[in-house]
Amino acid sequence: MTPEEGAEAAAGRAATAFAEAFDGAPDGCWWAPGRLNLIGEHTDYNDGFVLPLALDRGVAAAVRARPDDVLRVHSRHEGETRSVHLADVAPGVVPGWLGYLAGVGWALARDGHDVPGLDVALDSTVPVGAGLSSSAALECAVAIAWNELADLGLDRTALATAARRAENEVVGAPTGVMDQMASLHGRHGSLMFLDTRSMRIEQVPLDLAAHGLTLLVVDSRAPHALVDGEYAERHRSCARGAEQLGVPALRDVAVADLDSAMGRLDEDLLRRRVRHVVTENDRVEQVVRVLRSGADPRDIGPLLTASHASMRDDFEITVPEVDTAVRAALAAGAHGARMTGGGFGGCVLSLVESEDAATITSAVSSAYAEAGFTPPVGFTAEPGSGARPAGVTGRRRGPRGR
Ligand code: GLA
């Protein structure tokens, strides 16, 4: 199945679920992908650089505008329908998955937009808790639907910013903006090089197949227990590091000044946290330079592996499952491997010769079996397109048109 067919099929399932859950047909269907971050982890809330791609897995939303302010959502994945009045949405009051969607409406309304209620049916093909941004895909699918149905006229960066606010302020997760930007700005065949300070994007073409290469992704299936508290702790440590160094954000520490910065921090823990962010920003820029120069993409392998070591030793966000997967993939011939996403589980990506993908996947499975871990799940990834309308469900007309 091509990515386009995958999105269309998900939109079809969402439309069918819509008809079953609510009376009548949706005004339209929209699709937003999850993302895979090639490199640049925990740099986005430090004003730094990231280099993700949009996946061909995502969320399809069949949506109809309502004449009132009720947001009523049926999730196929969760097997439930929930609703909330948009006027009642506030930080921390909408628990669980509905908070991501209601939060987008809240953020748009806070920006002064007239946001109608919606009936929404969702179908998702992004595994939850795998570090592939299933939550950003949810937010972005409903953000583009609202933008179109209510004629908000917002550009994609404004929608990403609203979706991030939903997550930061309504859900209460202090994330950066990478996931939402990748979901909205992703482009087929390209990585998205994003400067999260200026929000400037440069699309960096990536055609691994032309070089006989594949991006292999292994879902570590490690239980995702500590994520929220640990993520917030990393965010706070980075802010403390920046404060002690007297810079607005860790982005402002150049890798050449790292030694001197280390000497000005008062705790070993902070030194390690800062070193991860500073060297990771540098690695992102190095990867972009290699890919832009037209050099052999195999050359980025060691940078990917160095990123993993930095997350494991300095930022301390890996777990035994992902370390095992990285080790096994490298031992079986991967050019580079690293955990991707927020950490404490999630997926490992490896840059491999296409002909070795199956052997490397089974090497990881064997290492897992030996360690007694839940068997991992592997798939290959290519840069796909960002959020868009999908499916043919008709009128796409806002509440003012009815
Ligand atoms: C999560 C957050 C992102 C980013 C990554 C780590 O996916 O949502 O903003 O911070 O973790 O790179």
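Both counts, for ligands and for their atoms, begin at 1 and track the order of listing.
- Regarding atom 10 (O) of ligand 1, its nearest protein heavy-atom neighbour is Tyr231 OH, 2.5 Å.
- Near Gly176, meaning under 4.0 Å from any of its heavy atoms, are these atoms of ligand 1: 9 (O).
- For the residue pair Glu316 / His276, no side-chain donor-acceptor distance below 3.5 Å is found, with atom types taken as modelled.
- The ring of Phe315 has its center closer than 6.0 angstrom to the ring center of His42.
- Atom 5 (C) of ligand 1 has its closest protein heavy atom at Met178 CE, 3.8 Å.
- For ligand 1 and Gly342, the ligand atoms under 4.0 Å from any heavy atom of the residue are 6 (C), 11 (O).
- Around atom 3 (C) of ligand 1, the closest heavy atom drawn from Thr340, Asp44, Asn46, Val177 belongs to Asp44.
- In terms of N/O distances under 3.5 Å, ligand 1 is approached by Arg35.
- Ligand 1 has no nitrogen or oxygen under 3.5 angstrom from a nitrogen or oxygen of Thr43.
- Closest protein heavy atom to atom 8 (O) of ligand 1: Asp179 OD2, 2.6 Å.
- Under a 4.0 Å N-O distance rule, the pair Asp219/Arg221 does not qualify as a salt bridge.
- With no hydrogens or angles considered, no side-chain donor-acceptor pair links Glu267 and Gln244 at under 3.5 Å.
- Screening Leu51, Val50, Asn37 against Thr43 for a side-chain contact (heavy atoms from CB on, under 4.5 Å) leaves a single residue, Val50.
- At under 3.5 Å, not a single nitrogen or oxygen of Glu167, backbone or side chain, sits near a nitrogen or oxygen of ligand 1.
- Checking only distances, Glu41 does come within under 3.5 Å of ligand 1, N or O to N or O.
- Taking the side chain to side chain donor-acceptor pair (under 3.5 Å) definition, one finds that Arg164 meets it with Asn168, sequence neighbours left out.
- Taking the side chain to side chain donor-acceptor pair (under 3.5 Å) definition, one finds that Asp282 meets it with Gln286, sequence neighbours left out.
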